[in-house]
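Report on one structure; see the data block that follows.
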Number of protein chains: 2
Amino acid sequence: MKILLIEDEAEMRKVIIESLEKERFLVETAHDFHAAWDKISTYDYDCILLDIMLPGGSGLSLLDELKKMKKQKSVIIISAKNSVDDKVKGLNLGADDYLAKPFHLAELTARVKSVIRRRTLEGHAVIELKNVSIDMDNHTVHVQNQPLTLNRKEFDILSYFVSNKNRLINKTALAEHIWGDHTDQSDDFEFIYSQIKNLRKKLKDSGADLEIQAVYGLGYKLVTD
Amino acid sequence: MKILLIEDEAEMRKVIIESLEKERFLVETAHDFHAAWDKISTYDYDCILLDIMLPGGSGLSLLDELKKMKKQKSVIIISAKNSVDDKVKGLNLGADDYLAKPFHLAELTARVKSVIRRRTLEGHAVIELKNVSIDMDNHTVHVQNQPLTLNRKEFDILSYFVSNKNRLINKTALAEHIWGDHTDQSDDFEFIYSQIKNLRKKLKDSGADLEIQAVYGLGYKLVTD
DNA sequence: TCTTCTATCAGTAGTATTTTCATTTGACCT
DNA sequence: AGGTCAAATGAAAATACTACTGATAGAAGA
């Protein structure tokens, strides 16, 4: 799960990133609105955390732009302004939640999870597919009620595939979603191969009825037999 | 699309060529002005990348010569000199764009594409002809809104024909443009026949209203019924 | 520290693309 | 019509890409 944090204060960023990474989110940051807009228009995020008090313009206008986009985004506003007015404005402009500073980090991660669940998982934290069940909150996988231990990347990849089952996923999108923007202008996808390989092996050994198929020259697709 | 890169530093050449070839351009190089001039006067390029700081004379004089030619060329200047003066001089002498070193390779390819688009297609990256539409950026072709998959050479040939529709194209020019200068003094055009054949078949099978006609002893011509 | 996870390398198999070959078809000219 | 060369064809061979694998070294985590 990929999150964009738009926040100018370094200390605040640091502490939020830390807490989200502990929960196994992939976090990217933007320090101002310009950078934020760049990232939003090029990449795809599962959730956007937006501090509306930034130098360079109000976050509300960014929210407004977002609303105009075809693709709906999940946004949580974080702000020192705790006026009811701002909250209402934000939510009207399509934000999914609003969190006033100061807040507990536990609360932030809880809201993030909840928003993502609502938007991308239709409310369920556990996805069942064939004989596989995937708990998106606890990051655990069971096959025929037997636990299957996947490491971080394997889990991320599997959950991405599962929530896009039977759909073609090209390697650029996969790399972006799982590895983030450090893979910017690379066209070498060796690192994908080795993860796919291990994941396939584990799925097969556990008897899962899921198969990750390669689509030559294009990408991968999760087929559910 | 054929590009001439005039640049003396080997490392610079290497990295630029790599990035352009990734975008499916056909790149040829000249290490100095003399060689550059030779190539320009014998071959036809869609875009010329010119480093004005070369041993053997300023690139500005070459630009000047170019301007005198009948046939307008698309030129992008790349230079370490980032003075406004040089930029102005260059653009006055007919360069289409100016890029100061160091630059992002992504930026270079973007500018090349944009210049080519501006010159050859009057602003559109997508050419529509009869019931066929050709996306020069994404290298895709659609016939009646159905995608038509062409491989690299087929696409190159089709786009060359389309941007020279109803005009006679002799085989030497075609070979030069699509295959580059490795076919210099060969008079064997078997490799063309094969590609033409496959392209024709695909066009016909997809129901495209385009026909590549042979003109006996001279070359080919794309006729639009 | 030791263990686990992740990225990279070198080699290989599998698949698609491009060129070559041998042969046939068709156009042009006298 | 018949000779000659250009062009087209199907198939095979050569080349270039893409994906996969096992091994391993480096990074991260316990």
Side-chain angles (χ1 to χ4, degrees), chain A residues 17-18 21-24 26-27 139-141 148-158 161 168-172 174-184 186-205 211-223, chain B residues 18 21-24 26 139 141 148-158 160-161 168-172 174-175 177-180 182-184 186-205 211-223:
Chain A
I17 289 173
E18 208 168 87
E21 289 188 336
K22 206 166 288 164
E23 296 287 329
R24 305 197 146 195
L26 182 67
V27 187
H139 289 259
T140 55
V141 178
L148 172 62
T149 54
L150 298 182
N151 54 36
R152 192 206 205 92
K153 288 273 181 284
E154 288 163 356
F155 180 87
D156 287 352
I157 293 172
L158 179 62
F161 273 113
L168 177 77
I169 295 170
N170 73 6
K171 280 187 287 195
T172 315
L174 182 63
E176 235 162 55
H177 209 269
I178 309 296
W179 279 267
D181 55 5
H182 88 90
T183 53
D184 256 1
S186 159
D187 60 339
D188 173 25
F189 294 116
E190 283 292 314
F191 51 89
I192 292 183
Y193 294 144
S194 95
Q195 294 295 341
I196 294 279
K197 178 186 49 170
N198 296 333
L199 178 52
R200 275 175 173 157
K201 180 163 169 43
K202 286 187 182 177
L203 287 175
K204 197 177 169 202
D205 290 355
E211 198 196 337
I212 296 171
Q213 279 187 354
V215 182
Y216 193 92
L218 297 172
Y220 292 94
K221 190 194 255 190
L222 183 80
V223 295
Chain B
E18 207 167 88
E21 288 188 337
K22 207 166 287 165
E23 298 287 330
R24 304 196 148 192
L26 182 68
H139 288 258
V141 178
L148 173 61
T149 55
L150 299 182
N151 53 34
R152 192 204 207 94
K153 286 272 182 286
E154 289 162 356
F155 181 87
D156 287 352
I157 293 172
L158 179 62
Y160 187 47
F161 273 113
L168 176 76
I169 296 169
N170 74 4
K171 280 185 290 193
T172 316
L174 182 62
H177 210 271
I178 308 296
W179 278 266
H182 87 92
T183 52
D184 256 1
S186 160
D187 56 342
D188 173 23
F189 295 117
E190 281 296 313
F191 50 89
I192 292 183
Y193 294 144
S194 255
Q195 296 293 345
I196 295 279
K197 176 187 52 167
N198 295 333
L199 180 52
R200 276 173 172 159
K201 179 164 167 45
K202 285 188 182 177
L203 286 175
K204 197 175 167 204
D205 289 355
E211 201 195 334
I212 296 171
Q213 279 186 356
V215 182
Y216 193 90
L218 297 172
Y220 292 95
K221 187 194 261 189
L222 183 80
V223 295

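In what follows, chains are A, B, ... by sequence order, proteins preceding strands, each numbered from 1. Just so it is clear, the model here is predicted, and its values are computed rather than measured.
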Inset, instruction - Answer yes or no: does a side-chain N or O of A/Y193 lie under 4.0 Å from OP1 or OP2 of C/dA10? - result: no

Legend entry - Short side-chain N/O contact from A/Y220 to OP1 or OP2 of D/dT18, under 4.0 Å: no

Inset, instruction - In whole angstrom, give the distance that lies between atom CD1 of A/I192 and atom C1' of C/dT6. - result: 14 Å

Inset, instruction - Using atom CG of A/L150 as one end and atom P of C/dT6 as the other, report the distance to the nearest whole Å. - result: 10 Å

Legend entry - Set of ring pair (Phe, Tyr, Trp, His ring centres under 6.0 Å) partners for B/Y220, sequence neighbours left out: none

Legend entry - Interatomic spacing from CG in A/L203 to CG in A/L150 - rounded to 0.5 Å: 7.0 Å

Inset, instruction - First locate atom NE2 of A/H177, then atom CD1 of A/I157, and finally report the distance between them rounded to the nearest 0.5 Å. - result: 12.0 Å

Inset, instruction - On DNA chain C, check which nucleotide each of A/K202 and B/K202 is closest to and give me the residue with the more 5' one. - result: A/K202

Inset, instruction - Whole angstrom is fine here: how far is it from NZ in A/K204 over to P in D/dT21? - result: 9 Å

Legend entry - Atom-pair distance (CD on B/Q213; P on D/dA8), nearest Å: 11 Å

Legend entry - Spacing between A/L199 atom CG and C/dC5 atom C1', to the nearest angstrom: 14 Å

Inset, instruction - Give B/F155 one of three labels, base, sugar-phosphate or nothing, depending on what nucleic acid heavy atoms sit under 4.0 Å from its own. - result: nothing

Legend entry - Atom-to-atom span, CD1 of A/I157 to P of C/dC5 - whole angstrom: 14 Å

Inset, instruction - Summarise protein proximity over nucleotides 10-17 of chain D in one line of letters, 5' to 3': B for base, S for sugar-phosphate only, - for none, counting protein heavy atoms closer than 4.0 Å. - result: B------B

Legend entry - A/W179 side chain near C/dT6 phosphate (N/O to OP1/OP2, under 4.0 Å): no

Inset, instruction - Only counting residues at least two apart or in another chain, list the ones meeting salt bridge (Lys or Arg N to Asp or Glu O under 4.0 Å) with A/K204. - result: none

Legend entry - Length of the line joining B/I196:CD1 and C/dT25:P, which is rounded to integer Å: 21 Å

Legend entry - A/R200 side chain to A/I212 backbone, donor-acceptor under 3.5 Å: yes

Legend entry - B/R200 side-chain proximity, nearest of C/dT19, D/dT9, D/dC20: D/dT9

Legend entry - Under 3.5 Å: donor-acceptor pair, side chain of A/K202, backbone of A/L148: no

Legend entry - Any A/N151 side-chain nitrogen or oxygen under 4.0 Å from OP1 or OP2 of C/dT4: no

Legend entry - Any donor-acceptor pair under 3.5 Å from A/E154 side chain to A/N151 backbone: yes

Inset, instruction - Could you tell me whether B/Q195 contacts a base, only the sugar-phosphate backbone, or nothing, with contacts defined as non-hydrogen atoms closer than 4.0 Å? - result: base

Legend entry - Atom-pair distance (CG on B/L218; P on C/dC28), nearest Å: 10 Å

